[in-house]
*Asks:* 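After the structure tokens below, expect a handful of questions from me.
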Amino acid sequence: MRLATWNVNSLKVRLPRVEAWLAEIQPDILCMQETKLSDDAFPALTFNALGYETAHNGQGQWNGVAILSKVGLANVVTSFGDGEEPDVESRFIQADCGGINISSIYVPNGRALDDEHYQYKLRWLNRLLRHLELTADSAGNVVVMGDFNIAPEDRDVYDPAKFEGATHTSPPERAMLAALAAWGLEDLFRRFHDEGQIYSWWDYRAGDFHQGRGLRIDLVMASRAVADRAVWTVIDRNARKGQSPSDHAPVIIDLED
DNA sequence: ATGGTCGTTGCACGA
């Protein structure tokens with residue numbers, strides 16, 4: 001089974017590239033982030049024609065997350081099960097696909113450490129963890145994948161000094177990743193790659209992609225039962241090249257059946 | 001050393 005996650009940065013603009021990529025890579029499950037579409041505008045029929053069932057949580061203009069699946073899609077959840085007020089932004093969708101509890105997430109950016117949005121980011125991550133504690137079984141098949149907007153370690157950052165005092169690398173954010181790991185989720189990329197300077201996002205500006213200035217912030221976090229089935233992973237940086245790319249590259253994981 | 005680009009929308013802001 002092939003799983004993938006991709007922050008497409010506007011599915012309206014990116015749909016031709018997403019279609020071509022699906023035809024080439026043939027994932028069984030694709031999680032997307034930043035569709036920037038309302039649910040009405042989500043091109044479900046296009047994906048149905050390619051053999052995918054779909055679920056989308058969108059608000060239009062900003063955010064928006066989706067799951068495509070060729071291996072079944074049931075029990076869709078779009079809000080945290082903590083009994084609190086629903087998130088006002090569309091950043092979370094979860095469904096059961098092919099025997100795996102799949103979540104597609106778009107973690108708030110945070111903007112700056114002294115910005116209110118950074119507190120929202122930390123609260124959001126706490127709510128995600130609480131949701132998993134309340135509704136999922138870490139001994140079962142669980143995958144949380146998407147744009148975490150956190151680089152797990154300094155080797156995931158092109159210039160760690162540049163990010164001192166900034167978001168994406170701060171200790172409280174990394175502590176939330178550690179808390180997710182303590183619950184039972186593993187950063188699957190690191191099971192296969194020890195090297196640094198492998199990134200999943202590059203700023204559009206200043207030729208950052210071609211200069212190798214990026215961050216690894218798109219993660220596939222998997223429970224042990226899923227992780228032990230993983231046989232291969234790659235960040236598909238080819239998808240960041242060429243005409244009208246997203247600023248993120250997809251992450252692909254292959255599981256043995 | 002600095003700033004640089006996209007996508008939304010509407011003449012600014014988020015990433």
*Asks:* Detail all sub-3.5 Å separations between protein N/O atoms and N/O atoms belonging to nucleotides 12-15 of chain B.
*Replies:*
unit_1	atom_1	unit_2	atom_2	d
dA15(B)	OP2	R111(A)	NE	2.7

*Asks:* Are the side chain of R91(A) and the backbone of Y106(A) linked by a donor-acceptor contact shorter than 3.5 Å?
*Replies:*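 Such a contact is found between R91(A) side chain and Y106(A) backbone.
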*Asks:* Among residues at least two apart in sequence or on other chains, which ones pass salt bridge (charged side-chain N to carboxylate O under 4.0 Å, His left out) with D137(A)?
*Replies:*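 D137(A) satisfies salt bridge (charged side-chain N to carboxylate O under 4.0 Å, His left out) with no other residue.
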*Asks:* Using the P atom in both, what is the distance from dC13(B) to dG4(B), to the nearest Å?
*Replies:*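 It comes out at 16 Å once rounded to the nearest Å.
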*Asks:* Would you say N57(A) and S90(A) are linked by a side-chain donor-acceptor pair, where the criterion is simply a distance under 3.5 Å?
*Replies:*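 Checked: S90(A)/N57(A) side chains pair up, N/O donor to acceptor below 3.5 Å.
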*Asks:* Output the rounded distance in Å from CZ (R14(A)) to C1' (dT8(B)).
*Replies:*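 So the CZ-C1' distance, R14(A) to dT8(B), works out to 12 Å.
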*Asks:* Is any side-chain nitrogen or oxygen of S10(A) closer than 4.0 Å to OP1 or OP2 of dC6(B)?
*Replies:*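 S10(A) to dC6(B) OP1/OP2: no side-chain N or O under 4.0 Å.
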*Asks:* Mind checking whether I29(A) and V71(A) have side chains closer than 4.5 Å, heavy atoms only?
*Replies:*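 Side chain of I29(A) against side chain of V71(A), heavy atoms only: contact under 4.5 Å found.
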*Asks:* When rounded to the nearest Å, what value does the distance between C1' atoms of dG7(B) and dC11(B) take?
*Replies:*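 Here dG7(B) and dC11(B) have their C1' atoms 16 Å from each other.
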*Asks:* Would you call W124(A) and F80(A) a side-chain contact if the rule is heavy atoms closer than 4.5 Å?
*Replies:*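 Yes - at least one pair of side-chain heavy atoms lies under 4.5 Å apart.
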*Asks:* Can you work out whether K12(A) or D208(A) has the more 5'-proximal nearest nucleotide on DNA chain B?
*Replies:*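 On the 5' side of the pair lies D208(A).
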*Asks:* Rounded to whole angstrom units, what separation is found between the CG atom of D159(A) and the P atom of dT2(B)?
*Replies:*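 One finds 14 Å between P of dT2(B) and CG of D159(A), rounded.
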*Asks:* For the C1' atoms, the ones on dT9(B) and on dG14(B), what distance do you get once it is rounded to whole angstrom?
*Replies:*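 So the two C1' atoms sit 12 Å from each other.
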*Asks:* Listed by chain and number, what are the side chain to side chain contact (heavy atoms under 4.5 Å, CB included) partners of A95(A), not counting sequence neighbours?
*Replies:*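 Side chain to side chain contact (heavy atoms under 4.5 Å, CB included) list for A95(A), sorted by chain: I67(A), L73(A), V76(A), C97(A).
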